[in-house]
Number of protein chains: 2
Amino acid sequence: MLFMKEHVAKQARRAKEASRKLAWVPVEVRDAALLAMADALEANQDEILEVNAKEVEAAKERGTRLNMIDRLTLTPKRIADMAEGIRQVVKLPDPLGTFDIDITRPNGLRIRRARVPFGVVGIIYEARPNVTADAIALCIKSANACILRGGSEAIRTNKKIVDVLRDAAIANGIPENVIEFISIIDRDSVVVMCRLRGLIDVIIPRGGAGLIERVIEHSTVPVIETGKGVCHTFIDETANLDMAVKVCVNAKTSRPSVCNAMETLLIHKAVAEEFLPKVAAALREKNVELHGDEACRKILPDMKEATEEDWTTEYNDLILSIKIVDDIEEAIAHINKYSSNHSDAIITEDKLHASKFRRWVDSSTVYVNASTRFTDGFEFGLGAEIGISTQKLHARGPMGLEALTTMKYLVDGNGQIR
Amino acid sequence: MLFMKEHVAKQARRAKEASRKLAWVPVEVRDAALLAMADALEANQDEILEVNAKEVEAAKERGTRLNMIDRLTLTPKRIADMAEGIRQVVKLPDPLGTFDIDITRPNGLRIRRARVPFGVVGIIYEARPNVTADAIALCIKSANACILRGGSEAIRTNKKIVDVLRDAAIANGIPENVIEFISIIDRDSVVVMCRLRGLIDVIIPRGGAGLIERVIEHSTVPVIETGKGVCHTFIDETANLDMAVKVCVNAKTSRPSVCNAMETLLIHKAVAEEFLPKVAAALREKNVELHGDEACRKILPDMKEATEEDWTTEYNDLILSIKIVDDIEEAIAHINKYSSNHSDAIITEDKLHASKFRRWVDSSTVYVNASTRFTDGFEFGLGAEIGISTQKLHARGPMGLEALTTMKYLVDGNGQIR
């Protein structure tokens with residue numbers, strides 16, 4: 001523990017030093033390095049897949065759950081997507097160097113506010129190895145050093161990706177120690193990172209509720225909470241029910257393991273008799289297990305009973321909880337009580353209900369007549385994302401480059417006193 | 001403790017409910033209410049001063065330090081300043097309702113990002129009663145409910161100010177329970193507030209290092225760190241020394257009890273022999289006690305010796321620590337090691353040194369040839385400020401209305417699936 005503690009602190013100090021150098025590297029150099037890094041990922045695809053295959057094998061032998069295996073597994077397609085993600089980041093404008101305020105006060109003081117990098121960004125994540133490439137790309141583009149702590153089940157895959165990207169970065173003008181990866185397997189390294197206030201400027205946890213709660217509980221470093229997704233879809237009485245079925249099946253089954261998948265379906269009682277059997281049949285065809293409240297089970301007695309726990313659970317799996325509500329007010333109240341404030345949707349043809357839902361649902365992304373699955377950096381046109389913020393401080397929703405910058409006031413005078 | 005805990009949670013729940021109503025109140029109503037609140041402050045000046053005089057008296061009897069008495073004391077001028085601060089806030093544009101993103105994606109999804117209120121803002125502060133009026137005004141203007149926890153030594157003054165402002169607000173169309181004040185004197189109410197994640201959306205501590213550290217240590221609610229001011233002024237070898245003396249005297253003595261006052265003076269060795277005696281004489285004339293490092297005491301042997309502790313101390317008093325450095329690099333390194341990242345200044349005629357200092361000093365506000373005393377919402381033209389952020393997340397430097405808003409993605413479709 002002590003050794004690990006000192007080692008992580010040493011990595012953070014190195015990154016802090018390096019971050020000051022990186023802040024001087026012009027965007028042309030950062031972009032050229034990123035393109036070389038994307039190429040390096042593809043050039044080293046076979047080695048990366050080989051390392052990954054071993055880890056997936058080991059996970060299967062441990063009897064790891066299917067959704068976890070899916071997150072852990074790399075394919076040529078997913079590596080190509082990682083490289084494409086990096087190239088997309090290159091295309092984005094430099095988030096730095098601009099002044100969003102530039103005024104001269106009556107006393108002659110010139111006050112400017114500049115966009116600057118954070119310094120050192122700590123990323124704590126779980127199984128999905130593509131996070132490693134996304135995080136590094138966005139940090140380099142925004143001139144931030146990063147310190148990465150991935151899940152133990154993917155540690156060799158992540159380390160391989162980091163080595164490939166780091167070598168390409170350094171060979172193309174990025175300072176050393178800008179990319180730090182914690183390769184010691186020790187659960188406590190999360191807490192150690194969270195206490196390095198002053199060395200790490202912000203911590204972004206990406207993973208399940210357990211990880212995020214742990215980080216929030218222990219961190220003295222400012223945290224951006226991300227990713228927990230207990231997402232709802234509410235079928236209003238005026239909904240186009242055929243559209244509603246399509247949207248629900250997509251939101252639940254297109255990729256159940258991700259945070260923007262639907263976990264709870266709310267149905268207005270006026271359409272429940274007609275809609276519930278339709279949607280249930282379509283979902284069961286995709287092997288979705290349904291947990292319903294009492295009113296649901298009066299219509300479909302063969303559903304499992306939904307308990308209080310279901311309303312707060314992020315299944316990340318082919319399971320869905322369903323509740324029948326009296327009206328839009330009850331739906332909004334349920335969402336504001338149980339939602340993780342990630343993404344929640346209403347299916348309705350009523351403009352007033354749509355605007356009421358938009359205003360009153362207190363979530364980072366609120367949908368009208370669409371699948372919650374679109375909450376994603378690419379889908380929003382931000383390029384690769386560093387995470388999806390479910391808190392209100394600093395950033396909210398999919399976080400691109402902008403979320404990795406802070407500001408700094410520059411005041412120039414000629415001897416002004418107050 | 002249990003009673004207090006339940007009482008504070010009850011206040012927060014009330015505020016959360018009320019915040020949803022406040023979000024619907026148009027800016028015209030919020031502005032009209034604020035003007036009425038400013039008038040009410042002045043109309044009730046005598047009662048407020050009477051309550052305050054008693055508390056100041058009691059504080060003096062307890063032998064409270066001079067700088068604390070200064071913070072606690074209200075005068076007709078300071079009440080007029082509070083009212084003027086509220087009126088300034090009315091003049092500011094509504095920070096809400098705008099969309100900083102409004103795009104339509106190829107698949108037809110319209111994605112907008114709206115500026116919205118946080119919901120409930122928690123303010124934890126110490127002696128200065130003007131914070132009560134500033135905080136309430138900025139929260140009402142930005143349509144946030146607030147829950148205030150002030151210092152015990154000013155609790156009657158604060159409660160009186162809250163009562164006056166709340167009555168005027170409610171009489172002018174602001175919903176009830178939008179302004180909650182914790183009137184139970186209990187040190188633990190700070191920690192209780194910090195754990196109300198989900199009910200309080202952000203906590204802003206305003207006060208000394210002790211309070212801020214305590215909040216950061218215990219809070220699971222996102223925190224904006226503010227106000228700790230260990231501010232430096234570096235006298236470069238090319239400095240205009242007459243200007244430097246004026247700036248230093250102003251930065252240290254114009255109001256020593258506030259966070260933007262200078263606490264440490266750094267002097268380039270090339271000008272120390274000439275500058276130190278000059279500035280020391282001018283400062284001692286204002287009764288400033290000087291703590292110098294060894295090099296200083298070779299020039300002025302009658303200075304107290306500066307210890308390691310001096311470099312990290314926010315005196316908030318007529319005390320100054322002084323260090324002689326070899327060059328600008330040592331000055332920058334000292335600042336990045338000991339500064340609270342609030343406000344730091346360089347006095348120089350060398351443009352390259354100025355730009356180096358601007359880029360490398362990692363503080364919220366960096367000055368060239370001016371007094372650090374200008375770091376302030378009014379001086380920056382933001383109107384009354386909610387605090388001065390010394391962290392990098394969400395807001396940095398003086399925080400006006402903008403810092404009290406968050407964003408929300410609104411996605412409209414016609415059945416899009418992914």
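These numbers were taken from a predicted model, which means no experiment stands behind them. Chain letters run A, B, ... following the sequence lines, proteins first and then strands; every chain starts at 1.
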Query raised in the report: Where on B:R110 is there a heavy atom nearer than 4.5 Å to chain A: the side chain, the backbone, both, or neither?
Result: neither

**Report entry** 4.5 Å side-chain heavy-atom contact, B:L404 and B:I204
**Finding:** yes

Query raised in the report: With a 4.5 angstrom heavy-atom cut-off, which part of B:P106 approaches chain A: side chain, backbone, both or neither?
Result: neither

Query - Within-4.5 Å side-chain heavy-atom neighbours: A:P117 and A:S142 - result: no

Report task. Could you tell me which portion of B:V202 (side chain, backbone, both or neither) has an atom closer than 4.5 angstrom to a non-hydrogen atom of chain A? Result -> side chain

Report summary line: When the 4.5 angstrom heavy-atom criterion is applied to B:D344 and chain A, the contacting part is neither

Report task. Name the region of B:N240, side chain, backbone, both or neither, that has any atom closer than 4.5 Å to a heavy atom of chain A. Result -> neither

Report summary line: With chain A, the option among B:V411, B:N414, B:V247 that has the most non-hydrogen atom pairs under 4.5 Å is B:V411

Query - Donor-acceptor pair between A:T348 and A:D236 side chains, under 3.5 angstrom - result: yes

Query - B:Y409 side chain near A:R396 side chain, heavy-atom distance below 4.5 Å - result: no

Query raised in the report: With a 4.5 angstrom heavy-atom cut-off, which part of A:T220 approaches chain B: side chain, backbone, both or neither?
Result: both

Report task. Report the option among A:S389, A:S254, A:G381, A:A403 that has the most heavy-atom pairs separated by less than 4.5 Å from atoms of chain B. Result -> A:G381

Query - Part of B:D376 within contact of chain A (heavy atom distance under 4.5 Å) - result: side chain

Requested in this report: With B:K392 as reference, evaluate A:T405, A:T406, A:D201 under the side chain to side chain donor-acceptor pair (under 3.5 Å) test and give the passing residue.
Outcome: A:D201

Query raised in the report: Do the side chain of B:K252 and the main chain of B:M262 share a donor and acceptor less than 3.5 angstrom apart?
Result: yes

Report task. Check each atom of B:D242 against the heavy atoms of chain A and say whether the ones under 4.5 Å are side chain, backbone, both or neither. Result -> neither

Report summary line: CZ of A:R255 to CG of A:N260, rounded to nearest 0.5 Å, is 9.5 Å

Requested in this report: Under 4.5 Å, counting heavy-atom pairs only, tell me which of B:A354, B:S371, B:S364, B:G397 racks up the most with chain A.
Outcome: B:S364

Query raised in the report: Distance under 6.0 Å and angle within 45° of the ring axis: does A:R359 meet both against B:W24?
Result: yes

Requested in this report: Give a yes or no on whether the backbone of A:G377 and the side-chain of A:E385 come within a donor-acceptor separation of less than 3.5 Å.
Outcome: yes

Query raised in the report: Between the side chains of B:T372 and B:S343, does any donor sit under 3.5 Å from an acceptor?
Result: no

Query raised in the report: Under a 4.5 Å cut-off applied to non-hydrogen side-chain atoms, are B:V121 and B:I203 in contact?
Result: no

Query raised in the report: Hey, mind stepping through B:T233 and B:Y367 against side chain to side chain donor-acceptor pair (under 3.5 Å) and telling me if it holds?
Result: CA-CA 9 Å; B:T233 304; B:Y367 286 86; over 6 Å; no

**Report entry** Residue part contacting chain B, namely of A:K16, when any heavy atom lies under 4.5 Å
**Finding:** side chain

Query raised in the report: Is it the backbone or the side chain of B:S363 that comes under 4.5 Å from a heavy atom of chain A, or both, or neither?
Result: backbone

Query raised in the report: Considering only heavy atoms, which portion of B:E225 lies under 4.5 Å from any heavy atom of chain A: side chain, backbone, both, or neither?
Result: side chain

Query - When B:L393, B:T365, B:D412, B:L109 are compared by non-hydrogen pairs under 4.5 Å with chain A, the top option - result: B:L393

Report task. Please state whether the side chain, the backbone, both or neither of A:I101 comes within less than 4.5 Å of a heavy atom of chain B. Result -> neither

Report summary line: Okay, A:A23 and chain B: the region with an atom under 4.5 Å from a heavy atom over there is backbone

Query raised in the report: So what's closer than 4.5 Å to chain A heavy atoms on B:V116: side chain, backbone, both or neither?
Result: side chain

Report summary line: Most contact-rich option vs chain B, by heavy-atom pairs under 4.5 angstrom, among A:I103, A:V361, A:N341, A:V249, is A:V361

Query raised in the report: At a heavy-atom separation under 4.5 Å, does B:R195 approach chain A through its side chain, its backbone, both, or neither?
Result: side chain

Report summary line: Highest number of heavy-atom pairs under 4.5 Å with chain A among B:E213, B:M243, B:H218, B:Q391 belongs to B:M243

Query raised in the report: So, A:R113 and A:D100, do they make that salt bridge, N to O below 4.0 Å?
Result: yes

Query raised in the report: Tell me, side chain or backbone of B:I111 under 4.5 Å from chain A's heavy atoms, or both, or neither?
Result: side chain

Requested in this report: Check each atom of B:R105 against the heavy atoms of chain A and say whether the ones under 4.5 Å are side chain, backbone, both or neither.
Outcome: side chain

Query raised in the report: Is chain A contacted by the side chain of B:N250, its backbone, both, or neither, given a heavy-atom distance below 4.5 Å?
Result: side chain

Query raised in the report: Any sub-3.5 Å donor-acceptor pair from A:T226's side-chain atoms to A:P205's backbone N or O?
Result: yes

Query - Residue A:N107 versus chain B: region with a heavy atom under 4.5 Å - result: side chain

Report task. Could you check B:R20 against A:E329 for salt bridge (charged side-chain N to carboxylate O under 4.0 Å, His left out), going step by step and ending with a plain yes or no? Result -> CA-CA 13 Å; B:R20 304 191 198 280; A:E329 285 73 20; over 6 Å; no

